[in-house]
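Take a look at the structure below.
Below, all heavy atoms of this structure are taken into account, side chains as well, without hydrogens, waters or symmetry copies.
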Amino acid sequence: MSRKAKGNGKSATAEEAGVPSDSAAYMKSLENSEVIERVRCVIKDAHVFKLPPRPTAGGWRGADWTEEVWQGTVKVVERDETTMVLLVDRTSGAIFAVCPIKDGAIDRCVDSSRYFVLRIENANGRHMFIGMAFNERNDAFDFNTSLQDAQREREAAKEPAVTLPGLPEKDYSIKEGEKIRVKIKNLEGGSGSGRKKKSNSSGGSGKKIGGFLKPSSKDTPRRAAEHE
């Protein structure tokens, strides 16, 4: 049974908002226990808008968005080799929409760093663009950074491992019957008086400080004292 989000009149489901969603396919993928899901980013307060017709020039502008259809949590997750953005209801945990990250899936607005455009699609191939906005610039920064990190790691994983060709292999193991001889110089030799002088000069009182240097009386005071 469908329901409306409380208190704001916004749609609680993608169907009510007219937004195509591939949430069923995502939920089915959770049945595979061998697939590990990595959560890169969780932002608890995000807003979704229906977009007006795209401007012919200049790109998307968040100032033109007036029809808000949803509010909830945004997650950036990875399953296998797929990165996706999940729009999740904060109360029930239901998936509102899924945005698989691929070419053209995420766009940015030209008038604000807090506004993004997501390409949402369902299993039948139907898709549409929706607007997503964050209240804080830090949230937008974390969202954008998580997507960049995921892309960078995927590209690094595709690069072949660097090897050093043509280097001969050597066997450094000790063969049967071989012995290792170590020549150690006489540590008892040398001037004993010099060592004695050093030990006597470590302190006239005869008290031992141990292995640590005694702190100087001119050391900078502790930071805690500056705030007292």
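For the residue pair Arg154 and Thr83, a side-chain donor N or O sits within less than 3.5 Å of a side-chain acceptor on the partner.
Judged purely by atom type and a 3.5 angstrom limit, Arg40 has no side-chain atom pairing as donor or acceptor with the backbone of Leu147.
At a threshold of 4.5 Å between non-hydrogen side-chain atoms, the residues Val74 and Leu87 count as touching.
A salt bridge does not link Lys75 with Glu37: every distance from a Lys NZ or Arg NE/NH1/NH2 to an Asp or Glu carboxylate oxygen is 4.0 Å or more.
Distance CG/Asp89 to OG1/Thr73: 8.0 Å, rounded to 0.5 Å. Separation of atoms CE (Met84) and CD1 (Ile95) is listed at 10.0 Å; rounding is to 0.5 Å. Expressed to the nearest 0.5 Å, how far CZ of Arg119 lies from CD1 of Ile106 amounts to 11.0 Å. In this structure, Glu153 CD and Glu155 CD are separated by 11.0 Å, a value rounded to the nearest 0.5 Å. Within the model, atoms SG of Cys41 and CG of Asp139 stand 8.0 Å from one another, a figure rounded to the nearest 0.5 Å. Interatomic distance, Glu68 CD to Phe49 CZ, rounded to the nearest 0.5 Å: 4.5 Å.
Clustering ILVMFWY residues whenever any of their side-chain heavy atoms sit less than 4.5 angstrom apart, transitively, puts Ile101 in the very cluster that holds Phe143. At a threshold of 4.5 Å between side-chain heavy atoms, the hydrophobic network of Ile, Leu, Val, Met, Phe, Trp and Tyr places Val117 and Phe96 in two separate groups.
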Which atom pairs, donor and acceptor, lie under 3.5 Å between side-chain atoms of residues 128-138 and protein residues at least two apart or in another chain?
residue : atom : partner : partner atom : Å
Asn135  : OD1  : His47   : NE2          : 3.0
Asn135  : ND2  : Asp45   : OD2          : 2.5

Pair Val76-Val39, side-chain contact (heavy atoms from CB on, under 4.5 Å): steps then yes or no: CA-CA 6 Å; Val76 178; Val39 179; over 6 Å; no

